[in-house]
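Worth saying up front: this structure is predicted, and the values here are computed from it rather than measured. Start at 1 and go down the list; that is how both ligands and their atoms are numbered. Computed over heavy atoms, backbone and side chain alike; hydrogens, waters and symmetry mates excluded.
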Amino acid sequence: MNPVIDALKFRHACKKFDSEKKISDADLDTILEAACLSPTSFGMEAWKFLVLASREIREKLRPACWDQAQVTDASHVIVILARPELIAPENDYVLKSFLRRELPEDATKAYVERYKWYFETEVYPRMSTYAWCAKQCYIGLANIMTAAASLGIDTCPMEGFEKDRVEEVLDIDTDEFEVAVLVALGYRKGEQTPRRRHDRERLVEIR
Ligand SMILES: Cc1cc2nc3c(=O)[nH]c(=O)nc-3n(C[C@H](O)[C@H](O)[C@H](O)COP(=O)(O)O)c2cc1C
């Protein structure tokens, strides 16, 4: 008996939503609180949670999302936007982020230097700043799904979309924001797909 495990057992990738059922403002607020409390590497918070309540907007969006029914049948869709331009080490935003910690000047300077070094040695050789930012967005995604499940709300995480098209439909300023991942939220309707998981022995190693 553990409320987090209970929520994780309730959660599944919901394919069939009841289009008549809406999430209350209070529950949506709790879910967004969970999103905003999520951690990010170096505390950069280089993201935005774009909530699509309007069915009209979601109808326009659906063809860009492989025509997946979840987009329109769910109560809401949250589009998680990455902000890769913000987190470039030379951007003032990085220094400002570290200054929020109210550390002594030399400690702040050390953080900025560590951050630069981390980007040079670990990020740039392996991935784009968009990919690094998107990795953080998936932490927000996970917390949104778990918070929703704790309230008896179903979700479907969605990577099945055409990024450029989604950004165009939603009129996203791509100089500032890029779509990382989507999540549909609402209430399940009828029978759902069973959960499949590998054995724990295959997935966990303890040394
Ligand atoms: C990042 C991510 C993207 C996903 N994209 C889609 C999607 O576009 N459409 C969909 O129906 N399911 C999508 N899924 C759901 C997975 O297929 C599902 O989570 C997986 O099969 C395990 O099933 P469960 O979540 O019900 O346990 C996605 C899952 C994740 C984590």
Side-chain angles (χ1 to χ4, degrees), residues 2-19 21 23 31-32 34-41 46-52 55 57-84 126-170 172 177-204:
N2 173 291
V4 177
I5 298 296
D6 289 345
L8 292 172
K9 283 187 173 163
F10 172 86
R11 189 214 63 78
H12 72 298
C14 183
K15 316 282 179 181
K16 290 182 217 148
F17 284 94
D18 185 339
S19 57
K21 281 193 173 173
I23 298 172
I31 292 165
L32 293 172
C36 295
L37 285 171
S38 301
T40 48
S41 186
W47 56 19
K48 184 172 177 177
F49 301 95
L50 174 63
V51 182
L52 305 180
R55 178 153 180 136
I57 294 176
R58 289 185 283 117
E59 262 160 21
K60 282 191 197 134
L61 183 65
R62 181 166 156 173
C65 301
W66 301 359
D67 196 35
Q68 296 190 70
Q70 300 93 306
V71 175
T72 45
D73 290 350
S75 167
H76 292 71
V77 168
I78 301 177
V79 182
I80 309 183
L81 300 168
R83 307 195 61 179
R126 299 185 217 294
M127 72 195 89
S128 63
T129 48
Y130 163 73
W132 187 77
C133 254
K135 288 205 293 178
Q136 322 302 320
C137 291
Y138 282 67
I139 301 172
L141 167 70
N143 284 338
I144 285 173
M145 293 193 292
T146 308
S150 76
L151 298 166
I153 292 170
D154 290 294
T155 53
C156 185
M158 296 177 64
E159 275 187 330
F161 59 85
E162 295 168 60
K163 178 176 174 287
D164 294 348
R165 223 171 139 191
V166 168
E167 287 165 351
E168 199 184 313
V169 172
L170 298 176
I172 304 293
F177 303 98
E178 288 187 59
V179 174
V181 66
L182 274 59
V183 54
L185 304 100
Y187 295 90
R188 66 186 72 184
K189 187 175 190 183
E191 206 170 305
Q192 303 285 319
T193 45
R195 186 194 311 279
R196 310 241 181 257
R197 286 295 184 272
H198 293 297
D199 291 341
R200 199 190 287 202
E201 291 68 41
R202 180 184 159 133
L203 304 176
V204 178

[X] atom [atom1]: more than 12 heavy-atom contacts under 6.0 Å:
X      : atom1 : answer
Lys163 : NZ    : yes
Arg200 : CZ    : no
Glu168 : CD    : no

Inset, instruction - With atom 9 (N) of ligand 1 as the reference point, say which of Gln192, Gln68, His12, Lys9 has the nearest heavy atom. - result: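 Ranked by closest heavy atom to atom 9 (N) of ligand 1, first place is Gln68.
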Counting non-hydrogen protein atoms only, what is the nearest one to [atom]? Give residue, atom name and distance.
atom                    : answer
atom 19 (O) of ligand 1 : Ala13 CB, 3.7 Å
atom 12 (N) of ligand 1 : Lys15 NZ, 3.1 Å
atom 5 (N) of ligand 1  : Glu159 N, 2.9 Å

Inset, instruction - Check if Tyr138 has a non-hydrogen atom at a distance under 4.0 Å from any atom of ligand 1. - result: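 In this structure, Tyr138 qualifies as a contact of ligand 1 - some heavy atom is under 4.0 Å.
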Legend entry - ligand 1 contacted by Arg11 (non-hydrogen, < 4.0 Å):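 Right, Arg11 reaches ligand 1.
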Inset, instruction - Just let me know how Gln70 lines up against ligand 1, side chain, backbone, both or neither, with a heavy-atom cut-off below 4.0 Å. - result: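 It is the side chain that touches ligand 1; the backbone stays farther off.
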Legend entry - Structural part of Cys156 in contact with ligand 1, heavy atom criterion under 4.0 angstrom: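 The side chain, only.
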How long is the gap from [atom1] on [X] to [atom2] on [Y], to the nearest 0.5 Å?
X      : Y      : atom1 : atom2 : answer
Leu32  : Ile78  : CG    : CD1   : 5.0 Å
Cys133 : Ile80  : SG    : CD1   : 12.5 Å
Lys21  : Ile153 : NZ    : CD1   : 10.5 Å
Met145 : Arg11  : CE    : CZ    : 5.0 Å

Legend entry - From CA spacing to verdict: side-chain contact (heavy atoms from CB on, under 4.5 Å), Ile144, Leu185: CA-CA 9 Å; Ile144 285 173; Leu185 304 100; 4.0 Å; yes
Inset, instruction - May I ask you to check if ligand 1 and Gly160 share an N or O to N or O distance below 3.5 Å? - result: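 Yes, at least one N or O pair falls under 3.5 Å.
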Inset, instruction - Could you tell me whether some N/O pair between Pro157 and ligand 1 is separated by less than 3.5 angstrom? - result: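 Yes, there is a polar N/O contact under 3.5 Å.
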Legend entry - 4.0 Å protein heavy-atom contact status of atom 21 (O) of ligand 1, strictly under: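 So atom 21 (O) of ligand 1 lacks protein heavy-atom neighbours under 4.0 Å.
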Legend entry - Atoms in ligand 1 with a heavy atom of Arg197 nearer than 4.0 Å: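 Those qualifying, in numeric order: 22 (C), 27 (O).
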